There are 2 protein chains.
Amino acid sequence: MSGGDGGAGGQVRARRADARRNEKALLDAAAAVFVASGVEAPVRDIAAEAGVGMGTIYRHFPTRADLVVAVYRHQIESCAEAGPALLASGPTPHAALGRWIDLFADFLVTKHGLAAVLRPDSAGFEALHASFLDRLVPVCAELLDAAVASGEIRERLSAYELLRAVGNLCIGDDQDPRYDARRAVRLLVAGLARPE
Amino acid sequence: MSGGDGGAGGQVRARRADARRNEKALLDAAAAVFVASGVEAPVRDIAAEAGVGMGTIYRHFPTRADLVVAVYRHQIESCAEAGPALLASGPTPHAALGRWIDLFADFLVTKHGLAAVLRPDSAGFEALHASFLDRLVPVCAELLDAAVASGEIRERLSAYELLRAVGNLCIGDDQDPRYDARRAVRLLVAGLARPE
DNA sequence: GACCAAGCGGAGCCCGGCTCCGATTGAGTC
DNA sequence: GACTCAATCGGAGCCGGGCTCCGCTTGGTC
């Protein structure tokens with residue numbers, strides 16, 4: 001209520017140098033560990049890799065999901081940016097949607113176990129879910145709308161549902177040579193096309 | 001090698017009455033707890049509900065997955081049996097496949113969290129995965145083959161892949177009102193149909 | 001009624017996420 | 001350069017969940 005830090009000229013003290021250094025170290029360490037052991041790697045391992053304590057990790061990233069989000073933020077961003085570009089350059093909106101979904105699926109599949117953790121109920125990963133989907137749902141909706149407008153598909157799935165479905169399909173693609181998530185995803189997108 | 005229990009007249013001593021009673025109690029308790037709290041309910045809860053100790057549960061069912069398999073065995077069985085029946089009575093093989101997949105999806109969706117645990121890597125649930133899929137893959141393959149033979153679809157997905165894909169799509173259908181797994185599943189099956 | 005292996009129960013181990021709090025240290029101040 | 005203190009650090013420890021271990025109990029048989 002009474003004033004507080006929001007007050008006039010309230011210059012927030014700059015973060016200490018070691019804090020900045022540690023955050024960088026943590027992001028690098030996490031990225032390395034995720035590649036080596038998958039996204040479900042224990043937090044302790046990441047702390048060890050970065051050479052910091054547990055407390056440090058949890059001050060910078062209140063939850064494991066926040067760390068994951070931070071590590072993949074710019075990749076999500078570039079995926080989001082690719083949407084409009086594909087729409088502009090693609091032959092048809094449905095083709096653009098297919099390519100964009102491929103991009104998304106590639107991203108999920110190449111990060112071991114990321115997809116499995118994208119569900120809203122996945123033991124504390126609501127934050128991850130929300131963060132990723134908030135950014136991507138509008139992009140997907142734009143592509144979907146364009147495809148509907150062009151008459152190529154009938155919209156039986158919302159953008160949210162489509163992304164969740166694709167996310168689900170990508171779960172466990174690694175660890176199981178008999179299952180190819182990308183093929184399933186392509187089939188799903190094909191099913192979107194107007195049948196008659 | 002040398003004879004062993006398979007030998008002539010090797011009568012195995014019958015299980016004690018209390019053991020049979022406890023197994024029954026455990027199955028009933030597990031079914032109840034799974035309905036109330038989902039398949040991921042703690043083993044301790046099931047033991048408590050059944051009024052037995054942890055040791056008892058783990059002697060009857062060496063792993064949580066074994067308990068889950070036992071609880072749902074007969075439902076899987078009847079799903080498997082429905083396959084040929086649908087094929088015989090359905091208008092076309094693809095329609096029969098669609099109905100059968102609906103049955104399977106219904107089964108997964110109504111058991112809270114079952115789908116999430118069907119993956120081969122899901123922390124010790126390989127047994128569940130194997131048990132369910134062993135029974136259902138041949139049935140699915142039969143339906144798929146018939147649909148391919150009739151020219152309705154081109155087989156771009158193996159029976160195993162299709163079942164995994166459907167299983168994945170069903171993950172987290174409860175807990176998220178914005179996501180309807182059945183719709184996604186129907187779309188996937190539609191995508192199976194020959195496009196041109 | 002005595003015997004004993006099958007069966008039981010639950011304390012306790014391990015693992016993984018997360019918290020708590022005393023020790024440490026960067027960076028303004030004099 | 002010494003001082004101060006809040007920001008930061010580190011890791012012991014809590015909690016919950018799967019699973020194990022082993023001494024106690026008991027059904028069934030002679």
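Every chain is numbered from 1, with letters handed out A, B, ... down the list of sequences. A quick note: this is a predicted structure, and the numbers were derived from the prediction, not measured.
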Which part of the nucleic acid, if any, lies within contact of A48(A), taking any heavy atom under 4.0 Å across all strands shown: a base, the sugar-phosphate backbone alone, or nothing?
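Touches nothing.
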With a non-hydrogen cut-off below 4.0 angstrom, is A50(A) in contact with a base, only sugar-phosphate, or nothing?
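Nothing, no heavy atom under 4.0 Å.
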Taking atom [atom2] of [N] as reference, at what distance in whole Å does atom [atom1] of [X] sit?
{"X": "L26(A)", "N": "dG10(D)", "atom1": "CG", "atom2": "P", "result": "9 Å"}
{"X": "R20(A)", "N": "dC9(D)", "atom1": "CZ", "atom2": "P", "result": "11 Å"}
{"X": "L67(A)", "N": "dG16(C)", "atom1": "CG", "atom2": "P", "result": "16 Å"}
{"X": "N22(A)", "N": "dG26(C)", "atom1": "CG", "atom2": "P", "result": "11 Å"}
{"X": "D45(A)", "N": "dG11(D)", "atom1": "CG", "atom2": "P", "result": "15 Å"}
{"X": "F125(B)", "N": "dG17(D)", "atom1": "CZ", "atom2": "P", "result": "14 Å"}
{"X": "R15(A)", "N": "dT25(C)", "atom1": "CZ", "atom2": "P", "result": "19 Å"}

Please state whether the phosphate of dG9(C), meaning OP1 or OP2, lies under 4.0 angstrom from any side-chain nitrogen or oxygen of T56(B).
yes
Under 4.0 Å: is that the gap between some side-chain N or O of H60(A) and OP1 or OP2 of dC9(D)?
yes
For R119(A), I'd like to know if atom CZ has over 12 heavy atoms of other residues, nucleotides or ligands within 6.0 Å.
yes
Would you mind building the protein contact string for nucleotides 19-27 of chain D? One character per nucleotide, 5' to 3', B for base within reach (heavy atoms under 4.0 Å), S for sugar-phosphate only, - for untouched.
BB-----BS
Between V166(B) and Y179(A), is there a shared hydrophobic cluster once you connect ILVMFWY residues whose side-chain heavy atoms come closer than 4.5 Å?
yes
On DNA chain C, nearest-nucleotide positions of V52(B) versus P42(A): which is more 5'?
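Its nearest nucleotide being more 5', the pick is V52(B).
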Can you find a heavy atom in the side chain of W100(A) that is under 4.5 Å from one in the side chain of V189(A)?
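A side-chain contact under 4.5 Å is absent here.
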Are L188(B) and I101(B) side-chain neighbours, meaning at least one heavy-atom pair lies under 4.5 Å?
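No, their side chains stay 4.5 Å or more apart.
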All side-chain hydrogen bond (donor to acceptor under 3.5 Å, both in side chains) counterparts of E40(A), not counting sequence neighbours
none
Residue pairs, two or more places apart or on separate chains, that pass ring-ring contact (aromatic ring centres under 6.0 Å, His included) and touch residues 49-95 of chain B
Y72(B)-F107(B)
Report yes or no: do Y160(A) and R178(B) form a side-chain donor-acceptor pair below 3.5 Å?
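Result is yes, a qualifying pair exists.
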